[in-house]
Amino acid sequence: MDTTTITPEAQQRRRRLAEQVYRQVHERIASGELDPARKLTETGLATLLGVSRTPVREALVRLRREGLLDLPAGPGARVSLGLDDLAEIMEIRLLVEPYIAARAASVSGAQGAARLQQTLDREVHALPLRSVREFAMANHDFRVCLFALAGNGRLAETASRYDSQLQFLRRLTLSGRPNRERVVAGHREIVAAVAAGDAQRAEAAMRALLLSARDAAAQHLQTRRRARHKE
């Protein structure tokens with residue numbers, strides 16, 4: 001009988017490693033370094049990141065739960081998105097996220113607004129950088145923080161799932177400086193509304209930002225589809 005036990009320190013190291021792997025895979029998909037047209041396998045990712053398959057497996061499960069990856073029956077994962085997918089995802093986000101912003105403004109208080117401001121500061125810092133990677137991750141963390149501030153874990157999980165499905169496409173639209181500036185302006189308005197405890201203002205700001213994001217994403221997908229038809 002195996003009586004080996006895992007110490008709390010070992011468990012903590014395992015959790016840290018799983019988190020690091022999750023963020024690396026997430027970041028590489030968002031930055032375009034991992035091609036969504038190809039399968040992502042546990043073995044391939046483990047080799048790429050220099051880790052065992054266990055934390056990679058945990059990261060892929062988490063990414064699947066969030067909706068960023070579509071895992072088939074086999075060992076690989078793939079990412080796919082079309083105009084119909086975008087329309088469905090954005091319909092859900094427009095129903096959920098404005099409410100989350102309003103709820104965050106109602107319940108999070110000054111401390112919550114300060115946490116949100118910290119992620120906004122990272123976005124502002126990354127705004128002029130040539131690479132979109134740092135901005136994309138700060139942008140992701142802003143939304144994660146906002147969802148958490150609403151104080152409803154299941155609501156946050158639902159929002160995160162559908163939000164993450166657009167992460168790769170979001171990275172492509174954020175490659176343009178004007179789109180990044182619109183995001184920062186929208187997030188500034190949301191932070192101000194949360195700080196003021198103004199739920200109606202926060203809801204309106206989030207809705208406006210989502211509509212802008214939807215239009216930018218649809219334009220990109222249409223441009224890509226026209227380019228494919230010309231090939």
Side-chain angles (χ1 to χ4, degrees), residues 26 29-30 36 63-70 79-108 112-113 115-116 119-120 123 132 135-176 178-225:
H26 197 302
I29 292 172
L63 289 164
R64 181 189 185 185
R65 185 172 62 247
E66 292 181 356
L68 183 59
L69 294 180
D70 172 30
V79 185
S80 60
L81 190 71
L83 281 167
D84 290 342
D85 300 304
L86 174 65
E88 291 183 356
I89 293 168
M90 292 307 300
E91 182 178 5
I92 294 170
R93 292 186 66 196
L94 280 163
L95 287 170
V96 173
E97 292 183 36
Y99 172 77
I100 285 178
R103 183 177 170 89
S106 298
V107 304
S108 62
R115 288 168 51 196
L116 203 57
T119 61
L120 174 58
E123 283 186 318
V132 73
F135 185 91
M137 290 306 295
N139 178 261
H140 168 74
D141 290 345
F142 181 95
R143 293 187 304 280
V144 170
C145 180
L146 180 65
F147 298 163
L149 290 180
N152 184 321
R154 289 181 173 83
L155 189 61
E157 183 177 349
T158 299
S160 181
R161 172 179 174 81
Y162 291 102
D163 170 79
S164 291
Q165 290 182 10
L166 299 180
Q167 184 66 10
F168 178 77
L169 180 59
R170 179 182 292 115
R171 181 263 169 188
L172 297 178
T173 60
L174 290 178
S175 62
N179 285 336
R180 295 199 299 272
E181 290 175 345
R182 279 193 288 272
V183 168
V184 168
H187 285 178
R188 280 188 172 127
E189 178 67 10
I190 291 170
V191 171
V194 171
D198 190 333
Q200 186 174 1
R201 179 182 175 187
E203 181 176 359
M206 177 58 80
R207 188 176 304 280
L209 185 59
L210 288 173
L211 290 172
S212 176
R214 182 191 64 184
D215 293 344
Q219 182 180 10
H220 176 82
L221 287 177
Q222 289 166 351
T223 300
R224 189 171 66 176
R225 185 171 63 178

Query raised in the report: With distance as the sole test, does Ser212 use its side chain to make a donor-acceptor pair with the main-chain N or O of Ala208 at under 3.5 Å?
Result: no
Query raised in the report: Rounded to the nearest 0.5 Å, what separation is found between the CZ atom of Arg154 and the CD atom of Glu157?
Result: 8.5 Å
Requested in this report: Carefully, step by step, assess Asn139 and His187 under the rule side-chain contact (heavy atoms from CB on, under 4.5 Å).
Outcome: CA-CA 9 Å; Asn139 178 261; His187 285 178; 3.4 Å; yes
Query raised in the report: Measuring from Ile190:CD1 to Phe142:CZ, what's the distance to the nearest 0.5 Å?
Result: 5.0 Å
Query - Asn179 (side chain) donor-acceptor with Thr173 (main chain) under 3.5 angstrom - result: yes
Query - Glu123/Leu120 under side-chain contact (heavy atoms from CB on, under 4.5 Å): CA gap, chis, key distance, verdict - result: CA-CA 5 Å; Glu123 283 186 318; Leu120 174 58; 3.6 Å; yes
Report summary line: All heavy atoms of Val194 vs all of Ala104, minimum pair found to be CG1-O, 4.2 Å
Report summary line: The reported gap from CD in Glu91 to CZ in Arg214 (rounded to nearest 0.5 angstrom) is 10.0 Å
Query - Interatomic spacing from CD1 in Ile89 to CZ in Arg93 - rounded to 0.5 Å - result: 8.5 Å
Query raised in the report: Can a salt bridge be assigned to the pair Glu189 and Arg201 using a cut-off of 4.0 Å between side-chain N and carboxylate O?
Result: yes
Report task. Check whether any side-chain N or O of Ser160 sits under 3.5 Å from a backbone N or O of Ala156 as a donor-acceptor pair, and report yes or no. Result -> no
Query - Steps toward side-chain contact (heavy atoms from CB on, under 4.5 Å) verdict (Asp163, Val144) - result: CA-CA 10 Å; Asp163 170 79; Val144 170; over 6 Å; no
Report task. Answer yes or no: are there more than 12 heavy-atom neighbours, outside Gln219 itself, under 6.0 Å from its atom CD? Result -> no
Report summary line: Here the gap from Leu94 atom CG to Leu210 atom CG, rounded to the nearest 0.5 Å, amounts to 5.0 Å
Query raised in the report: Passes side-chain contact (heavy atoms from CB on, under 4.5 Å), Val96 versus Tyr162? Steps please.
Result: CA-CA 10 Å; Val96 173; Tyr162 291 102; over 6 Å; no
**Report entry** Heavy-atom pair of closest approach, residues Met206 and Ala101
**Finding:** CB-CB, 3.9 Å
Query raised in the report: To the nearest 0.5 Å, what is the distance between CG (Leu83) and CD (Glu88)?
Result: 11.5 Å
Requested in this report: Kindly give the heavy-atom pair with the smallest separation between Leu116 and Leu146, and that separation in Å.
Outcome: CD1-N, 3.8 Å
Requested in this report: Write down the atom of Ile100, the atom of Ala159, and the distance for their closest heavy-atom approach.
Outcome: CD1-CB, 3.4 Å
Query raised in the report: If you look at every heavy atom in Ala195 and Ala113, which pair is closest and at what distance?
Result: CA-CB, 3.7 Å
Query raised in the report: Arg207 side chain to Pro98 main-chain N or O, any donor-acceptor pair under 3.5 Å?
Result: no
**Report entry** Where Leu209 and Arg182 come nearest, the two heavy atoms and their spacing
**Finding:** CD1-O, 3.9 Å
